[in-house]
Amino acid sequence: MAPGLIDPQPAVAPEGQRTLASVTGDYYDTITFYLNGTRVSLDTADPEITLLEYLRGIGLTGTKLGCAEGGCGACTVVVSQYNPTSNQIYHASVNACLAPLVSVDGKHVITVEGIGNVKNPHPAQERIAKGNGSQCGFCTPGIVMSLYALLRNNEHPSELEVEEAFGGNLCRCTGYRPILDAAQTFSAGKGCGMSKANGGSGCCQEKNGTNGTNGGGCGKNGDTNGSNGHDQPIKRFTPPGFIEYNPDTQLIFPSALRKHEFRPLAFGNKRKRWFRPVTLQQLLEIKSVYPSAKIIGGSTETQIEVKFKAMQYSVSVYVGDIAELRGYTFTDDHLEVGGNVTLTDLEDLTDRAVEHYGPERGQVFAAIHKQIKYFAGRQIRNVGTPAGNLATASPISDLNPVLVASNGVLVAKSAEKTVEIKMSEFFKGYRVTALPPDAIIAAIRIPVLKAKGEYMRAYKQAKRKDDDIAIVNAALRVRLDDSNVVEDCSLVYGGMAPITIAAKKAMSYLQGKTFTDPKTLEGVMNALELDFDLRFGVPGGMATYRKSLALGFFYRFYHEVRSALNPEDAEVDQDAMAEIEREISKGYKDHTVGAAYEKKIIGKEQPHVAAMKQCTGEAQYTDDIPLQRNELYGCLVLSTKAHAKILSVDASPALETVPGVVDHVDHRDLPSPEANWWGAPNCDETFFALDEVFSAGQPIGMVLATSAKIAEAGARAVRVAYEELPAIFTIEEAIAAESYFDHYRYIHDGDVEKAFAEADHVFEGVARMGGQEHFYLETNACVAIPKPEDGEMEIWSSTQNPSETQAYVSQVTGVAANKIVSKVKRLGGGFGGKETRSIQLAAICATAANKVKRPVRCMLNRDEDILTSGQRHPFLARWKVAVNKDGKLQALDTDVFNNGGWCQDLSGAVVDRALSHIDGCYKWKAVHVRGRVCKTNTVSNTAFRGFGGPQGMFIAETYMEEVADRLGMPVEKLREINFYKTDEPTHFRQKLKDWYVPLMYKQVLEESDYDRRKKEAEEFNKKSKWKKRGLSIIPTKFGISFTALFLNQAGALVHIYHDGSILVAHGGTEMGQGLHTKMTMICAEALNVPLETVFISETATNTVANGSSTAASASSDLNGYAIWNACTQLNERLAPYREKMGPDATMKDIAHAAYFDRVNLSANGFYKTPDIGYVWGPNTGQMFFYFTQGVAAAEVEVDTLTGDWTCRRADVKMDVGRSINPAIDYGQIEGAFVQGLGLFTLEESLWHRASGQIFTKGPGAYKIPGFRDIPQEFNVSLLKDVNWENLRTIQRSRGVGEPPLFMGSCVFFAIRDALKAARKEWGVEEVLSLRSPATVERIRISCADPIIRRAHVAPLEGEKSFFISI
C-alpha cells in the first residue's frame, strides 16, 4: 500500500556478521510454547509473521484480523505466563495482530477455540451468545477472550472491572449493552455506580462519611446486578438454564511451563533475524556489537511501522523475557521501575506506591495511574512498557509529561557504562532522544513529592475518553513554601509541539510568585499564550482547541491547588476542578412486548441463529475459507494522488526483485475495454484506472504472490509516475467550481411563494454534516476460484449484493452469468458499505483468477478498505423556513447538496431519499426542495445505514432547533404542534397510515420523566459554571422500500428432505442483522415444525437468482414473504397427508409419505411489494410501502473547559409493528442508536491537505463509540397495545435495520442544548449553528468563555488548515 520501493537488505550487514555471530553463536533456535493445552515446538518459524498470522495459518481462524494495529480487539487471545514483576501467573489478553511469534516462547497461548465449542461452550461464550451479545460475530471471539482473561485473573470482578475489561475491544453492531449485560452476570455487584469500588469519586454516602468503610456506597443501582447494598460481594449470578462458571475447571497453566527454562533464542533467515536474550548482559552484548538492532518490548509501535509504513528491521531483539528489566524498588525518595515492566503492572505499582508513600508524597503515582488508565486498551497495556513509550518519543505520549514534570531520571545501560539522563533533557527533537545508540533504557526513577506544599496533577483530552491517543495532555507540578510562594514548578505538555515540551515562559513567570494571588493565574495564562503561539495550519490541526486545552488544564490545576491549600477559599472555582465521571452503565428493555401477538415461534425472543458459533470461533467468514490448492494472494496497487494523470506504470520491480511475486494484473487483462466500466445505476467508474486517477485509493492494478505479505511488498514495488492535477475535496469547493454529477431531483408541493409572502416570519440557515466510515469489523474480502471447464468461476465474497457481484464477474471474465456462482456465508458487518463497493474487489480478484487460472484471495487491510470503499455522504443544506408566530410551520425551501466523491455510485438515490425525509415528522403547507450531487476527488461515497434519510432528518431537526430559538419557544413544543396527524399527506403526497409518532412522543416524555429532568438540568446549569447539562427529544419516520421500484422483489427456495429437515435459500445475506434467524422462524411457523429443523446454509446465485441487495431495511419483508409463499405451496401439497396422519404427525413422517407418493417437496417462492411506484417531477405515486417510526430522548453533561462530555441517559421507543423476534429487533435498535451517536458526535473523517489522502484510515485516528461511550442509562422499548390496521407486511412487522440510526442525533441536539446554556453563561445568546459531528473540538470552540476567546487562532492570509474536514 505504502508508496515507494524498499530494497531488501541482508538481515545483518557483512561487517557485523562475525561479531554478532560470536555473541549469539550458542543461542537456541527453537520456540517452545503451549497452544490450547498442547505443546508446540517450532524451529523453522517464519521470523516475519505475527502470532495472528501463525494461528490463522494453522487453521485456528476464530481469531480475526480487524485492523492490524491493535485498535479493535478482534484478534484478542490470552497468553498465560509467569510474571516476574508480580511473581504470579498472569493471563494476559493480547493483540495477536501485533505480537511477534518469538514473544510466546515459554508461555501458554489460549484462543477462542481452546475454551469451548458449540456443544460444550465456556460460560462466557454461552452467556454472550444467549444474551444477544453477538450480531455479525466478527468481533465476538476477541470480546469473549477479553472477558475470559478477566475471569482467569479475578474470580470476583467488580462491575467497573467488567466494564473496563473491554476497553481494547470494538463492536459496530450491538451497541454494547447486551454484551455488558451478559458479562455483568460474572461480576460481584458492589452497589452504587459512583462508588469508589466502581471507579467513581465516591457516592453520596461515601462523601457524607456514612459509608466510608463500605466501598460500595448506597447501592442504588446495584440491584440490577444482584448487589445486596452491603460491602460483602455476593455470589456471582448464574442466569437460569446457563452453565455455572467454575474457576477450578479452566485450562490449567501447563506444569511443564512452570519449570520452563528461558534460554536465549536466535532464529530467522537472510531477510530477518530475531534474538531473544534472557539476561541483561546478553542484551547489552548484542547492542554493543550491533547498535542499530531494533529493541522490541510489546511491539505495539514497531508492528504498525512494519505493516503500514513498510519499515524493515533486519535485526530485532525481543526483551520481554528479561526478568532484570521487570523489577521495581521502593526507596525513601523515589520508586525505581524496570524499563520493561508492562503498563498493566505499572498501573498496579502506582496504586501500591500511593499506599506506600501516602496520598501527598504519592501524587506523582496517582497522576501516572490516571494517565495509564485511559491509555490504549488492556491488550496494549498488557505488553506495552514505559521504556518503549520513552524510546519511541511520541509527542503525545501520556506518560512522558508526568516523568518530565516529576524530574524523573532515566537509567541507560550499555556494555561499557551506566548513565543517568534527566527526563527534562531526554527529548531532543521529533522522535529523537538522548539515548546513546548502544544503550538501552534499564530503569526509570520517579521521585516522590514533598509531604507538604507540593502538588501535581495530570490531564488528558482525546477524541474519545477510553482507548484513545491524546490531542493534548499535561503534567503540572508546583512546590510552595509556607507563604505559598512558588519555589519550583514544572508545566509539561504533550501535543503542543513535536516533542514533550515544558512551558518555559510560564514556568519562568511562575517562579517566585505568590500562588494564591489572582494575578498569578492571569500572568501564567498570558505566558502560556506565548509558549504555545500555534499557527492556524499547525501540523495536526486544531490550533484553537489545542491552545484552549493548554490554558484550560492550567486553569483547572490552579483551582485544584488553591482548593487543596484552603478548601474554604472563596476565590476557588469549585466547578472547574472536577472532571466528568461515568457511572456503571445499565439499561432496561421490555421483554413482554411480544406477549400480545406471539405465535408458536414468531413473536418470541430467540438468540441469533449463529450466535453460539460466532462466540466459539466456529463461524466461517470469507477469509476463513480453507486455502485452495495453488492459491495466490492479491494486493491492490492504489493511487496515491487525489487527481493526476498517470504517466507510466512499471510493475517490473515487483516481478523481478520481489521473490514470490507471480503476476501483475491491470486493465489490459480484461476481455475488452468496455469490461472495465461499472457502476450502478450509472456506469461511470473503472475497475482499473486508465490514464487518469480521480481519487487517492483508486485501483490501478493488483499484484499476485504466494503470500499476502509478499503481495504487499510487490504492490509497494510497482512504480507509478504521475502528473498532479487540481483537486476538489469539499462540497463548498465543488459548489464554487460548479462541479456536479448529472443528477438533479426536486419535490414541489403547494404554493411556496404565497406561503412565504403570508407568513409572520422567514428564517434562513445552513445545516452541515460530515460523513461516516462504515467500520464493519470484517474488511472487504474475496476468494475467486476458477473451474477447469467452460470459464466457470465460484466467487466467495463479503458482499450484500451477490447478484450484482455475479453480473460484473461475468463481465470481467467474458462468460455468461450462468457460469458464475456468487456465494456468501456471512458478513462481518456491512451497513451498506458492501452493497456496491464490494463488487470492485470481487471483479478485480476474478480478473486475476481468470488470467492465471488459479484461485486468488484478497482481504483488504483496514487502511485499504477505508481508502477504496467509500463512506456515508457528507451533506450541506441551505434552508429557508416560513413560520407563523404561533409556531405553525408554513413553507420550506431548501437546496441540498451531497458529496458524491469521484464517481456517482448510489449518490443520486441517497440525495433523493434525503429530499423525501427533509420534512422530518412535521406537516408543511408548501415545500420546494432540490437536490444535487457534488463531484469531488475523494473516495466514492456510497450506501450507509439510512441511505440519506438521516441526513434529510438532520436538516429537518436543525431548522426546527434554530427556528425555535429565534421564536423564543421550547423546541419540544414546536415539534409537538407541527406533528403530522393520521392520514395527512407528506410533501410527496403519501398519506400516513398507522401513525404513532405523537403517541410515542408523549410516552417517552412521560416514561423518561423528561420535564422534571429538564427543570433539574436548568437548575444544575444555573449553579454550575463549567459543567452544563442538556436534554433533547427527537422523533423519526423512515420510509421502507427501495426507491428503485425494480429492486422491491425477492425469491426463495424451500426444500423438505424426507427425514423432515428443511433447507431454505433466499436472496438476502446475513450480516449480523439476524435475517437468517427471522427467515428460519418464518419458515418454521409456516410449516408448523420445530425451529431447529430449519437450516439456511448460505446465499448463492445458483439457488436463488436475480436477488436484490440486502439493504433498505426491506429484506425481512421481501424474503420473508417469498419464503412464506414457498411454504404455502408446500403446505397445499402436504395438506392431504396432514389430514390423513393427524395433528401429531411429524414432518419426517409426512415428508416420507409424500416422497414415496412422488410429491414435489421443493418450492420456489416469490414476492414483490405492491402499490408502490413514485414518479419524480409530477410528484405522483406511492414512494414507500410504510414508515417505521420512533422517538428518542437523551440527556448529556458537557465539561465546557475541555469539550469532554458523557451521555447520562437515553430512552428509545420504536414502532416495529408486530415484531418477528423482539430480541433481534432490540439488538438492531441499540446498535443503530450507538452508530448514530457516533455519526453525530465522535466520528470525523479527515483528509490530509498536502497529500490529498484520507488521514482517518484506522482505529488509531478514526474513533467509533466504545463500550464506555454508550449512554450511562440506556432504556429501549417497543410500542405495544396499538393496532396496525394498514400494515400489510409479513406478520405485520416493520423493517428495523436503518430507522433507529437517526435517533442517535438526540445526543447531538442534547449537546447543543447544553452549549446554549454554556454560551448564555457568558452573555452570548445568538443562535448557535452547530455542525455535525459535535466533536470535542467543536463543542469546546462553540463555548463563548474568556479562555476560548483568548485561545482563538485566526488564519493568516492564504493560510489553510492542516486537515480538511470533508
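Nothing here was measured: the structure is a model prediction, and the numbers come from that model.
- In this structure, Asp333 places its CG atom where more than 12 heavy-atom neighbours from other residues, nucleotides or ligands lie under 6.0 Å away.
- At least one donor-acceptor pair closer than 3.5 Å links the side chain of Asp531 to the backbone N or O of Ala506.
- A salt bridge links Glu347 with Arg381; the closest basic N to acidic carboxylate O contact falls under 4.0 Å.
- No donor-acceptor pair closer than 3.5 Å links the side chain of Asp345 to the backbone N or O of Thr85.
- Side-chain contact between Asp533 and Lys547 is present, with heavy atoms from C-beta onward closer than 4.5 Å.
- The cationic group of Lys422 does not satisfy the cation-pi geometry with Phe426, failing either the under 6.0 Å distance to the six-membered ring centre or the 45° limit from the ring axis.
- Atom CD of Glu355 sits in a sparse spot, with 12 or fewer heavy atoms from other residues, nucleotides or ligands closer than 6.0 Å.
- Applying the 6.0 Å contact sphere to NZ of Lys413 captures no more than 12 heavy atoms from other residues, nucleotides or ligands.
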task = Evaluate side-chain contact (heavy atoms from CB on, under 4.5 Å) for Arg535 paired with Val1353, printing each intermediate quantity in order.
result = CA-CA 7 Å; Arg535 57 186 177 81; Val1353 178; 5.6 Å; no
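- Not one N or O on the side chain of Asn95 forms a donor-acceptor pair closer than 3.5 Å with the backbone of Leu98.
- Listed for the Asn473 side chain is a donor-acceptor partner under 3.5 Å among the backbone atoms of Ser397.
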task = Applying side-chain contact (heavy atoms from CB on, under 4.5 Å), run through Ile471 and Lys463 and close with a yes or a no.
result = CA-CA 7 Å; Ile471 296 168; Lys463 292 180 181 179; 4.1 Å; yes
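- The aromatic rings of Trp1322 and Trp1026 are tilted relative to each other, their planes meeting at an angle between 30° and 60°.
- When only modelled atom types and interatomic distance are considered, Asp575 and Ser1024 share a side-chain donor-acceptor pair under 3.5 Å.
- Within the 3.5 Å criterion, the main-chain N or O of Arg1208 finds no donor-acceptor partner in the side chain of Glu1197.
- A donor-acceptor pair is defined here as one N or O able to donate and one able to accept, closer than 3.5 Å; no such pair exists between the side chain of Tyr455 and the backbone of Phe557.
- Checked by atom type and distance alone, the side chain of Lys1028 pairs as donor or acceptor with a backbone atom of Asn1021 at under 3.5 Å.
- Glu336 and Arg445 are joined by a salt bridge, as a carboxylate oxygen and a charged side-chain nitrogen come within less than 4.0 angstrom of each other.
- Of the possible donor and acceptor atoms, one in the side chain of Glu1359 sits under 3.5 Å from a partner among the backbone N and O of Leu1356.
- Judged purely by distance below 3.5 Å, without hydrogens or angles, the side chains of Thr1256 and Glu1244 never pair a donor atom with an acceptor atom.
- A salt bridge links Arg1350 and Glu529; the closest N-O separation between the charged side-chain nitrogens and carboxylate oxygens is under 4.0 Å.
- Taking the charged nitrogens against the carboxylate oxygens, Asp488 and Arg479 do have a contact shorter than 4.0 Å, which makes a salt bridge.
- The two residues Asn340 and Arg326 make their nearest non-hydrogen contact at O-CG, 3.4 Å.
- Leu1246 has its side chain out of reach of Ile1364: every pair of non-hydrogen atoms, C-beta onward, lies at least 4.5 Å apart.
- Under the 4.5 Å side-chain criterion, counting only non-hydrogen atoms from C-beta, Thr1335 is not in contact with Thr1241.
- Scanning both residues, Tyr357 and His334, for their nearest heavy atoms gives OH-O, 3.0 Å.
- Note that Lys465 lies in the cation-pi zone of Tyr374, set by a 6.0 Å cut-off to the ring centre and a 45° limit from the axis.
- The shortest distance between side-chain heavy atoms of Thr418 and Val411 falls below 4.5 Å.
- With contacts defined as side-chain heavy-atom distances shorter than 4.5 Å, the pair Leu480/Val478 qualifies.
- By the 30° and 60° cut-offs, the orientation of the rings of Tyr328 relative to Phe330 is perpendicular.
- How far OH of Tyr555 is from NE2 of His559: 3.5 Å, rounded to the nearest 0.5 Å.
- Closest non-hydrogen pair, Arg546 versus Leu534, comes out as CB-CD1, 4.0 Å.
- With ring centers used as reference points, Phe536 lies 6.0 Å or more from Phe1362.
- Under 4.0 Å is where a charged nitrogen must lie from a carboxylate oxygen, and between Arg361 and Asp332 no such pair does.
- Heavy-atom minimum distance, Glu773 versus Tyr1262: N-OH, 2.9 Å.
- Minimum heavy-atom separation, Cys1343 to Ala1318: SG-CB, 4.4 Å.
- Between the Asp1269 side chain and the Pro1265 main chain, no donor and acceptor come within less than 3.5 Å of each other.
- Under a 3.5 Å cut-off, the side chain of Arg582 and the backbone N or O of Arg1268 do form a donor-acceptor pair.
- Inspection of the Tyr509 and Asn526 side chains reveals no N or O donor paired with an N or O acceptor under 3.5 Å.
- Here Glu1321 does not pair with Lys1025 in a salt bridge; the nearest charged N to carboxylate O distance is not below 4.0 Å.
- For Glu69 and Lys307, the salt-bridge test fails: no basic side-chain N is under 4.0 Å from an acidic carboxylate O.
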request  = Evaluate side-chain contact (heavy atoms from CB on, under 4.5 Å) for Glu360 paired with Glu454, printing each intermediate quantity in order.
outcome  = CA-CA 8 Å; Glu360 283 77 25; Glu454 195 165 10; over 6 Å; no
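- Between Arg431 and Glu301, at least one side-chain nitrogen of the basic residue sits less than 4.0 Å from a carboxylate oxygen of the acidic one, meeting the salt-bridge criterion.
- The pair Arg378-Glu164 does not count as a salt bridge, with every side-chain nitrogen at least 4.0 angstrom from each carboxylate oxygen.
- Two residues are said to be in side-chain contact when any heavy atoms from C-beta on lie closer than 4.5 Å; Val1198 and Asp1204 fail this criterion.
- Of the N and O atoms on the side chains of Thr514 and Asp517, not one donor lies less than 3.5 Å from an acceptor on the other residue.
- Taking 4.5 Å as the limit, some side-chain heavy atom of Leu399 sits within range of a side-chain heavy atom of Ile372.
- Contact check on Lys373 versus Asp351 returns no salt bridge, with no Lys/Arg side-chain nitrogen under 4.0 Å from an Asp/Glu carboxylate oxygen.
- Within 6.0 Å of the NZ atom in Lys505, the count of heavy atoms belonging to other residues, nucleotides or ligands does not exceed 12.
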request  = May I have the step-by-step check of salt bridge (Lys or Arg N to Asp or Glu O under 4.0 Å) for Asp482 and Lys452, ending in yes or no?
outcome  = CA-CA 9 Å; Asp482 292 341; Lys452 186 172 178 241; 3.6 Å; yes
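- Checking Lys370, Gln371, Lys460 one by one against Asp398, the side-chain hydrogen bond (donor to acceptor under 3.5 Å, both in side chains) holds for a single residue, Lys460.
- Side-chain polar atoms of Arg1249 and Ser1361 form a donor-acceptor pair below 3.5 angstrom.
- Side-chain contact of Arg477 with Gln363: a donor-acceptor pair under 3.5 Å is absent, judged by distance alone.
- By the 4.5 Å heavy-atom criterion applied to side chains, Ile501 and Phe427 are not counted as neighbours.
- Considering all non-hydrogen atoms of both residues, Asp467 and Gly377 come closest at OD1-N, 3.3 Å.
- Between Phe365 and His369, the gap from one ring centroid to the other reaches at least 6.0 Å.
- The aromatic rings of Phe532 and Tyr493 sit perpendicular, their planes meeting at an angle over 60°, well past the 30° parallel limit.
- In this model, no donor atom of one side chain and acceptor atom of the other lie less than 3.5 Å apart for Asn382 and Thr342.
- Among Ile1347, Val524, Leu1201, the single residue meeting the side-chain contact (heavy atoms from CB on, under 4.5 Å) criterion with Leu551 is Ile1347.
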